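Bear in mind the structure is a predicted one, so any value in this text is a computation, not a measurement. Values reported hereafter were calculated over all heavy atoms of this structure, with side chains retained and with hydrogens, waters and symmetry mates removed.
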Amino acid sequence: MPQETFSSHYDHKKIEHATQQHWERTAAFKAVEDAGKKKYYCLSMFPYPSGKLHMGHVRNYTIGDVLTRYHKMNNYNVMQPMGWDAFGLPAENAAIANKVPPAKWTYDNIAYMKKQLQSLGFAIDWSRELATCKPDYYKWNQWLFLRMLEKDIAYKKTQVVNWDPVDQTVLANEQVIDGRGWRTGAVVEKREIPGYYLAITQYANELLSDLDTLDNWPERVKLMQANWIGKSTGVRFAFRHDIKGDGGELINDGKLWVFTTRADTIMGVTFCAVAAEHPLATHAAKNNPELAAFIEKCKSGSVMEADMATMEKEGMRTGLFVTHPLTNEQIEVWVGNYVLMSYGDGAVMAVPAHDERDFAFAKKYKLRIKPVILPEGLTSAQGQPRTASSAIPMESLWDGDWHPGFATHSELWNSGKYNGLTYEQAIDAVAADLAAKNLGEKKVQWRLRDWGISRQRYWGCPIPIIHCDSCGSVPVPDDQLPVVLPDDCVPDGSGNPLNKLPSFLNCNCPKCNKPARRETDTMDTFVDSSWYYARFACPGNDNAMVDERADYWMTVDQYIGGIEHAILHLLYSRFWTKVMRDLKLVSYREPFSRLLTQGMVLNHLFSRRSDATGIEWFAPEEVDLQHDASGRVTGALAKHDGKPVDYGGFGTMSKSKRNGVDPNAMIEQYGADTCRFFMMFTSPPEQTLEWSDAGIEGSYRFLKRIWAFGNVFANEVRSKLPAARTLASAKLPDDLAALRRETHLLLKQANYDLGKQQFNTVASACMKMLNALEKAPKDSAIAAEVIEECFGILLRVLSPITPHITHALWVELSYGDDILTAPWPEPIEAALVQDEIELVLQVLGKTRGSIKVPASADNKAIEAIAVASETAQRYMEGKPAKKIIVVPGRLVNIVV
RNA sequence: GCCCGGGUGGUGAAAUUGGUAGACACAAGGGACUUAAAAUCCCUCGGCCUCACGGCUGUACCGGUUCGAUUCCGGUCCCGGGCACCA
């Protein structure tokens with residue numbers, strides 16, 4: 001291209017438009033299976049089409065794009081697809097607010113967000129696009145669900161849900177605010193309804209042990225998953241009783257079963273607590289109106305674990321007693337609001353001396369406390385344990401003076417035949433004695449619970465079941481799949497509109513052909529996202545869920561998404577993969593070989609609460625901030641009415657909380673390359689980011705300087721380049737050798753950082769390269785050659801982050817036709833060598849200066865140079881060196 | 001409450017995770033160029049003491065290990081994420 005047409009102005013719109021057209025023309029990102037090439041499947045978590053992109057999306061997809069382009073330039077056959085996690089609650093909320101069908105709202109959002117993604121220049125193969133709300137996708141959710149039913153992995157049981165008594169509808173946890181319904185303000189009740197579950201617990205062992213094979217997953221994610229699965233070995237045992245029900249039969253065969261991980265403290269049991277729904281509680285409440293009222297109260301409130309764990313622990317006596325299996329003591333039974341019927345057997349033993357929660361409960365209700373574990377530091381040989389002031393009583397009501405602690409590392413005391421045993425020994429002995437009486441045994445308990453997938457919601461994948469009065473719940477036959485969701489309903493907030501839609505509801509029983517009723521519950525949207533990565537690998541197949549193309553692309557080589565998905569989505573996907581493997585649909589055990597968990601992009605949260613309207617969120621641009629003296633945000637006033645709003649600190653950018661930042665304005669003003677560069681430069685990918693656009697100017701300036709240097713190259717450097725390059729054998733003058741050395745050093749560092757997936761320092765390295773280039777002499781042929789090499793390195797290292805400007809310059813400056821197909825640069829060792837190195841000089845660990853030593857000097861020589869140096873002599877004050885520490889290439893420390 | 005992260009200048013951060021704390025930027029202040037402005041370029045920029053040379057101190061807080069600690073250990077505080085029906 002002639003020099004005069006190379007604009008001196010950095011016109012990002014023109015450059016980005018032209019470059020994106022070039023990619024489209026060359027189908028640059030179309031991924032084709034090629035067995036002869038190493039493949040790289042790079043996947044970012046697909047977005048929920050909430051309306052518009054926010055900065056978290058820009059961050060996520062830029063990271064994925066940088067990795068995709070970096071691997072493409074490293075000669076991998078790359079595939080980066082994109083799709084839409086299109087079912088979900090926000091579409092129904094929008095329908096309630098605007099009376100638009102969720103389908104229309106969703107598809108409009110997809111169209112808009114797709115444009116936004118395209119304007120950012122991501123290397124996406126759009127021919128693989130999918131949306132989970134389309135029947136050709138969710139058909140396979142239904143198909144696999146039916147296979148799971150056949151294998152007893154899917155089954156039906158009751159589930160506890162949040163029930164809004166005014167709207168007569170099930171609420172999502174998000175719709176429960178301070179124990180009340182979000183729209184009605186009514187106190188939420190717990191309600192038991194039937195639902196379908198997937199038996200993820202059947203895979204608990206494998207989900208736990210296979211974590212060890214995920215070498216390229218962040219440790220913290222594996223740790224969180226392991227804790228979530230929560231394998232613990234304990235003892236399940238029974239208290240005996242002779243409490244009879246109305247028909248004269250023994251309730252639960254005369255046994256009250258409990259599970260404990262602390263069977264070593266079984267001799268310290270002073271009461272039991274059962275859930276409000278437990279048969280013993282129900283029985284006791286029959287003639288006890290006060291207890292019946294308490295049980296009713298327990299049934300109100302949220303079902304969330306966090307609420308359960310933080311709420312005030314309350315209980316009430318049942319008046320019933322059970323018999324301790326080892327001591328035959330009579331143990332009183334309480335109803336506790338903190339005991340969940342859905343966990344274990346819905347009952348717990350209580351040892352107030354050694355369990356924090358039981359201790360608080362015993363204090364509150366003045367119950368007996370019996371310590372059975374010695375305080376730390378004591379042994380049974382020392383007899384009666386004491387606190388500082390008095391002997392610890394064998395058994396007492398709490399008097400506010402002593403506390404035996406909750407540790408497991410001391411030996412038993414006050415426990416009869418078990419005295420002196422350790423934690424492990426005691427559990428073995430207790431389990432053996434219980435087993436001998438046929439009243440208990442060791443049991444592995446998992447914290448993990450089966451996955452309830454039924455949602456009483458419209459905008460989701462229909463569960464393919466038909467209810468028949470004669471045949472019960474009948475699976476929809478495969479040839480009638482998919483069960484298509486009508487896409488023109490408008491939910492109004494009072495339950496699932498499918499229940500009012502005869503054309504959907506009414507059908508015939510597949511077994512007996514009598515009129516029957518279609519299931520109206522839909523699937524949890526986590527089902528949709530549990531296998532989409534496999535479908536990207538084989539789009540368009542209407543005859544199979546996955547095919548042989550997936551064998552080529554799977555597993556996902558790099559998965560990128562928010563840390564907030566560390567447990568649920570990633571665990572469900574791993575589970576789904578294992579089920580598909582057992583059905584012989586796929587051959588791999590794990591879906592994602594390498595995982596990068598991006599830190600969240602946070603923004604200020606502002607809200608206002610009222611009983612009438614529930615909670616109302618304000619966007620940051622709708623309020624004026626108030627600060628305290630030190631500049632911290634303390635509150636805000638709404639711009640439209642000047643009244644205060646509550647400041648909620650920082651939180652994840654989300655549609656529902658209205659604190660997302662739309663990248664459009666920024667792309668419009670500065671261009672995609674600047675936005676991408678700024679996002680990568682501003683913080684490392686895994687770190688939480690409190691959003692601020694301060695600094696975007698600097699990124700823009702940098703790209704302008706890159707463009708300006710391109711002009712310098714075209715106008716001042718190119719003409720000096722010799723026809724035959726001599727750089728490989730040339731002896732360079734010092735300033736050019738230094739430039740070349742610095743560039744290759746920075747390249748080495750950038751390659752190292754890319755391996756670590758730390759992109760902010762890669763961006764820094766590019767800035768440093770440009771700083772060095774701008775200072776370089778440009779007055780000779782050899783200078784032109786060094787600049788040509790160094791700028792070529794800079795353009796390629798920068799290109800995954802800012803692909804448009806680097807492509808344009810690469811072509812303009814005749815480096816090649818397409819930077820995407822250029823080889824990734826590697827540092828040249830010869831450019832890195834130096835004769836002399838500088839070491840830091842410390843005396844007694846304090847930095848006092850530096851010394852220069854020949855690069856070839858050994859430790860002895862370095863020590864001699866260090867001690868002889870003027871600086872060392874000054875700070876050693878004539879004392880002899882006691883010890884000299886040499887850290888090669890870094891420092892010398894003289895200890896006197 | 002439980003599990004997992006994080007806390008370094010006015011700001012975003014760096015330090016190949018036991019070896020020069022603050023690279024690279026943003027903001028601010030000063031200067032050059034300009035009729036002026038913008039743009040661009042140069043300089044200063046943790047705190048305290050010092051005319052300066054330089055010294056002391058400093059990586060949330062308290063304590064420890066070490067010749068040497070942002071990095072390791074013990075404790076505390078604060079912030080973020082997850083807690084199974086937001087996605």
Side-chain angles (χ1 to χ4, degrees), chain A residues 45 47-48 50 85 87-90 93 159 161-162 170-176 218-221 223-224 226-228 230 303-311 356-357 447-457 524-526 529 562-569 571-572 597 599-600 602 631 649-652 654-657 681-684 686-690 692 694-699 701-702 704-705 708 749 752-753 755-756 758 760-761 763-768 771 838-850 882-885 887 890-896:
Chain A
M45 290 180 188
Y48 176 78
S50 57
D85 189 12
F87 277 135
L89 196 55
N93 294 345
Q159 53 180 345
V161 295
N162 300 306
V170 176
L171 297 177
N173 282 340
E174 193 189 52
Q175 297 172 316
V176 179
E219 283 305 319
R220 64 163 154 160
V221 173
L223 193 57
M224 276 193 264
N227 288 338
W228 183 265
V303 299
M304 291 159 73
E305 189 193 311
D307 292 338
M308 302 291 293
T310 49
M311 73 186 176
E356 197 79 61
R357 190 180 57 191
R447 212 187 75 90
L448 184 67
R449 312 200 298 260
D450 279 345
W451 174 14
I453 59 158
S454 292
R455 298 290 179 272
Q456 297 67 46
R457 259 175 258 300
D524 180 4
T525 57
F526 274 122
S529 55
I563 183 68
E564 72 272 23
H565 294 294
I567 295 174
L568 292 179
H569 162 61
L571 190 67
Y572 292 146
T597 45
M600 259 152 308
L602 311 182
F650 280 94
T652 315
S654 80
K655 170 95 177 171
S656 60
K657 293 175 182 168
F681 175 65
T682 199
S683 78
E686 303 210 88
Q687 194 159 305
T688 303
L689 173 64
E690 289 174 4
S692 157
I696 182 116
E697 284 284 348
S699 297
R701 272 204 288 271
F702 169 66
K704 281 198 286 190
R705 279 169 56 208
Q749 181 67 49
Y752 176 81
D753 289 345
K756 274 204 304 185
Q758 180 174 297
N760 55 328
T761 46
S764 286
C766 292
M767 287 176 142
K768 290 175 186 174
N771 288 347
E838 190 166 307
L839 296 180
V840 164
L841 178 61
Q842 293 186 337
V843 179
L844 274 171
K846 281 195 194 277
T847 302
R848 296 301 182 184
S850 62
K882 200 164 86 185
K883 188 170 155 193
I884 302 176
I885 295 139
V887 182
R890 289 213 181 251
L891 63 66
V892 185
N893 184 14
I894 302 170
V895 184
V896 293

Worksheet item: Are A:Gln687 and B:C79 close enough that a side-chain N or O sits under 4.0 Å from OP1 or OP2?
Response: no
What is the nucleic acid contact for A:Ser656, judged by heavy atoms within less than 4.0 Å: base, sugar-phosphate only, or nothing? nothing
| said: Using OP1 and OP2 only, check whether a side-chain N or O of A:Arg890 sits under 4.0 Å from B:A15. | reply: no
Students often get this wrong, so: under 4.0 angstrom with heavy atoms, is A:Ile885 touching a base, only sugar-phosphate, or nothing? base
- Task: Report yes if a side-chain nitrogen or oxygen of A:Asn760 is closer than 4.0 Å to either non-bridging phosphate oxygen (OP1 or OP2) of B:A14; otherwise report no.
- Result: yes
Which part of the nucleic acid does A:Ser529 contact within heavy-atom distance under 4.0 Å: base, sugar-phosphate only, or nothing? nothing
Ranking B:C4, B:A13, B:A84 by distance to the side chain of A:Asn227, first place goes to B:C4
Hey, is the side chain of A:Lys657 poking within less than 4.0 Å of OP1 or OP2 on B:A87, counting only N and O atoms? no
Residue set satisfying side-chain hydrogen bond (donor to acceptor under 3.5 Å, both in side chains) with A:Arg455, at least two apart, ordered chain then number -> A:Asp524
| query | Checking all strands, does A:Arg449 fall into the base, sugar-phosphate, or nothing category for heavy-atom contacts under 4.0 angstrom? | reply | base
- request: Determine whether the side chains of A:Glu564 and A:Thr652 contain a donor N or O and an acceptor N or O closer than 3.5 Å.
  value: no
The glycosidic conformation of B:G55, counting syn as within 90° of 0 and anti otherwise, is anti
Assign each of A:Gly698 and A:Trp451 the nucleotide of RNA chain B bearing its closest heavy atom; nearer the 5' end lies the nucleotide of A:Gly698
**Asked** Contact class for A:Ala306 (heavy atom, under 4.0 Å): base, sugar-phosphate, or nothing?
**Response** base
Would you indicate what A:Leu568 reaches in the nucleic acid, counting non-hydrogen atoms under 4.0 angstrom: base, sugar-phosphate, or nothing? base
- prompt: Reckon A:Ile696 touches a base, only the sugar-phosphate, or nothing at all at heavy-atom distances under 4.0 Å?
  reply: nothing
Please confirm whether any donor atom in the side chain of A:Gln456 sits under 3.5 Å from an acceptor in the base of B:C85, or the reverse. yes
Residues passing the side-chain hydrogen bond (donor to acceptor under 3.5 Å, both in side chains) test with A:Asn760, sequence neighbours excluded, are none
**Message:** Looking at A:Arg455, I'd like to know whether one of its side-chain N or O atoms comes within less than 4.0 Å of OP1 or OP2 on B:C85.
**Reply:** yes
ask   = Which part of the nucleic acid, if any, lies within contact of A:Leu844, taking any heavy atom under 4.0 Å across all strands shown: a base, the sugar-phosphate backbone alone, or nothing?
value = sugar-phosphate
* Going through the distances and angles, do A:Ile563 and A:Val221 end up as a side chain to side chain contact (heavy atoms under 4.5 Å, CB included)? -> CA-CA 8 Å; A:Ile563 183 68; A:Val221 173; 4.0 Å; yes
A:Thr761 has its side chain closest, among B:A15, B:A84, B:U57, to B:A15
Check: Looking for any heavy atom pair under 4.0 Å, which part of the strands does A:Lys655 touch: base, sugar-phosphate only, or nothing?
Finding: nothing
Of A:Glu219 and A:Phe526, the one whose closest nucleotide on RNA chain B sits nearer the 5' end is A:Glu219
- Message: Using a 4.0 Å heavy-atom cut-off, does A:Pro47 contact any base of the nucleic acid, only the sugar-phosphate backbone, or nothing at all?
- Response: nothing
Which part of the nucleic acid, if any, lies within contact of A:Asn771, taking any heavy atom under 4.0 Å across all strands shown: a base, the sugar-phosphate backbone alone, or nothing?
sugar-phosphate
Check: A:Thr847 side chain N/O closer than 4.0 Å to the phosphate oxygens (OP1, OP2) of B:A21?
Finding: yes
Side-chain contact check for A:Leu891: nearest option of B:G80, B:C85, B:G19 is B:G19
- Query: Do the side-chain N or O atoms of A:Thr525 get closer than 4.0 angstrom to the phosphate oxygens (OP1, OP2) of B:C85?
  - Reply: no
**Asked** So what does A:Val176 hit on the nucleic acid, given a heavy-atom distance under 4.0 Å: a base, only sugar-phosphate, or nothing?
**Response** nothing
Practice task
Identify whether any heavy atom of A:Val221 sits under 4.0 Å from a base atom; if not, whether one sits that close to sugar-phosphate; answer base, sugar-phosphate or nothing.
Solution key: nothing
Any N/O donor-acceptor pair, A:Gln842 side-chain to B:G19 base, under 3.5 Å: yes
